[in-house]
Amino acid sequence: IDAHADEVKGFSGHVTVAGELLVNAGAGDTGRELYIRDAVTSEFKLVADIIPGIFSSFPRGFINVDDIAYFLASTTDSSVELFDYSPQSQQVRQLTNLGAIGQAFSLARIVELNGHLYFSADLDNGLGRELYRFNLASGEVSLAADAIPGASSSNPSQFLTLNGQIYFVGSAVSGGKALYHLDPTTETVTTVDLGGFASNIGSLVALQNRIYFSGQISGPGVGVFSFDPHTGEVYTVATTNGGTPASSIVAVAVDGTLYFTANSNDGAGDELYSFEPAASDEIRRVSDVFPGPKSSSPRGLVTDGRHVF
């Protein structure tokens, strides 16, 4: 990012809409707010000071739907609400008014399917933190799935849409983590059988009609796994010699390669690894950014379809 505005710093979280780059950034007199990059001057300009003054609204969870940017941000009454930004009107609107109920929305990303935005929230209604949806046409917020009925929370995160279905990671009833499947048509939610106790499940990635994820499952151990929604089978793609993979995993569509952070216990620390399903069944370290045992700990991996950042 070529930021000519020296006072704007700490870029994190971004989305591109209608060729314009929106980011969460900070400046001394505004805190962390929504900024936009001027395509002509390359300078970053404040779009909206949602919480006026030096305090921050921390815009996050950006998503582009039909060239409208949707995102979450904190408000002056300490709630977290849903906002949108239209490049055409150059206006930011607050779409929900859930009130001062603490961190209503999770920091996990939002996904869109069939005119609804899906997100994790605790609306202080006795259901715990579960999966909700926002109707883009009516503005209505409704419960999408109560994965763990009652007051206990499933804590949905890592949302993914594939073939008109929604998949997400959440807390399992028996402890650890679970992979859930929501059919939006029937509004039924089921648990995918991972074949053992699971923990540390990383981001879900769709590639070649399969879902890839990293984590730890009793039996195969720590590694990268894939789930075939058509057969219901979970496959062990590769393990990392007892190391710790994957707080972040991303698919690069141009060559069908998965990239993720891992530690294969070979003295290189936490570095960037890759797996190409069509080529082999082995995990390969892409680069040892910090040679030796020091970790570069790649995180926040994103792709433009050609490169990994």
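Being a predicted model, the structure only gives us computed values, none of them experimental. Values below: every heavy atom of this structure, side chains too, minus hydrogens, waters and symmetry copies.
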Would Leu272 and Ser287 count as a side-chain contact (heavy atoms from CB on, under 4.5 Å) here? Give the steps.
CA-CA 6 Å; Leu272 185 65; Ser287 176; 5.7 Å; no

Please determine whether side-chain hydrogen bond (donor to acceptor under 3.5 Å, both in side chains) holds for the pair Thr75 and Glu81, giving the CA-CA distance in whole Å, both sets of side-chain angles, and the decisive distance to 0.1 Å.
CA-CA 7 Å; Thr75 64; Glu81 306 290 350; 5.1 Å; no

Take Thr16 and Arg37 through the test side-chain hydrogen bond (donor to acceptor under 3.5 Å, both in side chains) and record every step on the way to the result.
CA-CA 10 Å; Thr16 301; Arg37 182 178 184 267; over 6 Å; no

From CA spacing to verdict: side-chain contact (heavy atoms from CB on, under 4.5 Å), Leu182, Tyr180
CA-CA 7 Å; Leu182 171 67; Tyr180 290 96; over 6 Å; no

Begin from the C-alpha positions of Glu140 and Ser142 and carry the test side-chain hydrogen bond (donor to acceptor under 3.5 Å, both in side chains) through to its verdict.
CA-CA 6 Å; Glu140 178 186 6; Ser142 60; 5.0 Å; no

Could you please spell out the steps behind the side-chain contact (heavy atoms from CB on, under 4.5 Å) verdict for Leu160 and Ile211?
CA-CA 9 Å; Leu160 174 73; Ile211 296 173; 3.8 Å; yes

Run Val289 and Glu271 through side-chain contact (heavy atoms from CB on, under 4.5 Å) and show every step you take.
CA-CA 7 Å; Val289 179; Glu271 297 294 346; 3.6 Å; yes

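The cluster map of Ile, Leu, Val, Met, Phe, Trp and Tyr, joined by side-chain heavy atoms under 4.5 Å apart, puts Phe197 and Phe213 in different clusters. Leu162 and Leu204 fall within the same hydrophobic cluster, where Ile, Leu, Val, Met, Phe, Trp and Tyr residues are linked whenever their side-chain heavy atoms come under 4.5 Å apart, directly or through other members. Under the 4.5 Å side-chain contact rule for hydrophobic residues, Phe83 and Val15 share a cluster. The cluster map of Ile, Leu, Val, Met, Phe, Trp and Tyr, joined by side-chain heavy atoms under 4.5 Å apart, puts Tyr167 and Tyr235 in different clusters. Linking ILVMFWY residues whenever their side-chain heavy atoms come closer than 4.5 Å, directly or via other members, places Leu95 and Leu123 in the same cluster.
The minimum heavy-atom distance between Ser171 and Lys177, with the atom names listed, is OG-NZ, 4.2 Å. In plain terms, the two heavy atoms of Phe168 and Pro156 that are nearest each other are CD1-CB, 3.6 Å. Listed here is the closest heavy atom pair of Leu113 and Pro184: CD2-CG, 3.5 Å. Between Glu130 and Leu143 the shortest heavy-atom distance is CB-CD1, 4.1 Å. The two residues Pro229 and Asn209 have their closest heavy-atom pair at CD-O, 3.5 Å. Listed here is the closest heavy atom pair of Val17 and Leu22: CG2-CD1, 4.0 Å.
A cation-pi arrangement is absent between Arg210 and Phe225, since the terminal nitrogen or guanidinium carbon is not both under 6.0 Å from the aromatic centre and inside a 45° cone about the axis.
Using bins of under 30°, 30° to 60° and over 60° for the plane-to-plane angle, the ring pair Tyr132/Phe119 lands in the parallel bin.
Looking only at distances, no side-chain donor or acceptor of Asn155 sits under 3.5 Å from a matching main-chain atom of Gly170. Of the possible donor and acceptor atoms, none in the side chain of Ser120 sits under 3.5 Å from a partner among the backbone N and O of Leu131. Between the side chain of Gln165 and the main chain of His181, no donor-acceptor pair closer than 3.5 Å is present. Glu20 places no side-chain N or O within 3.5 Å of a backbone atom of Ile36 that could act as its donor or acceptor partner. With hydrogens and angles ignored, the 3.5 Å screen pairs no side-chain donor or acceptor of Asp183 with any backbone N or O of Thr188. The backbone N or O of Asn97 sits nowhere less than 3.5 Å from a side-chain atom of Gln94 that would complete a donor-acceptor pair. A donor-acceptor pair is defined here as one N or O able to donate and one able to accept, closer than 3.5 Å; no such pair exists between the side chain of Asn64 and the backbone of Ala69. Without hydrogens or angle criteria, Ser56 side chain to Gly31 main chain gives no donor-acceptor distance under 3.5 Å. The main-chain N or O of Ala198 is never found under 3.5 Å from a side-chain atom of Gln216 such that the two would form a donor-acceptor pair.
A heavy-atom distance below 4.5 Å is not found between the side chains of Leu117 and Val111. The closest side-chain heavy-atom distance from Thr76 to Pro52 is below 4.5 Å. Within the 4.5 Å cutoff, the side chain of Val47 has no heavy atoms near those of the Tyr35 side chain. Residues Leu179 and Thr191 have side chains not in contact (no heavy-atom distance under 4.5 Å, counting atoms from C-beta outward). Side-chain atoms of Phe44 and Leu21, non-hydrogen and from C-beta on, do get closer than 4.5 Å to each other. Considering only heavy atoms from C-beta on, Tyr85 stays 4.5 Å or farther from Ile68 through its side chain. At a threshold of 4.5 Å between non-hydrogen side-chain atoms, the residues Leu34 and Asn24 do not count as touching. For the pair Phe134/Leu82, a side-chain contact is recorded, criterion being any heavy-atom separation below 4.5 Å from C-beta on.
Here CD1 of Ile63 is found 6.5 Å from CD1 of Ile110. Values are rounded to the nearest 0.5 Å. Distance OG/Ser152 to CZ/Arg129: 14.0 Å, rounded to 0.5 Å. Note that the CD1 atom of Ile148 and the OG atom of Ser154 stand 5.5 Å from one another [nearest 0.5 Å]. In this structure, Phe159 CZ and Ile166 CD1 are separated by 8.5 Å, a value rounded to the nearest 0.5 Å. Interatomic distance, Asn114 CG to Thr185 OG1, rounded to the nearest 0.5 Å: 7.0 Å. To the nearest 0.5 angstrom, Glu33 atom CD is 4.5 Å from Asp49 atom CG.
With sequence neighbours excluded, no residue forms a ring-ring contact (aromatic ring centres under 6.0 Å, His included) with Phe58.
The aromatic ring centroids of Phe62 and Phe71 lie less than 6.0 Å from each other.
Side-chain contact annotation: Thr257 with Arg284, donor-acceptor N/O pair under 3.5 Å absent.
Residues Glu187 and Arg133 are paired through a salt bridge, judged by an N-O separation under 4.0 Å between the basic side chain and the carboxylate.
Crowding of Arg285 atom CZ: a count of heavy atoms from other residues, nucleotides or ligands under 6.0 Å exceeding 12.
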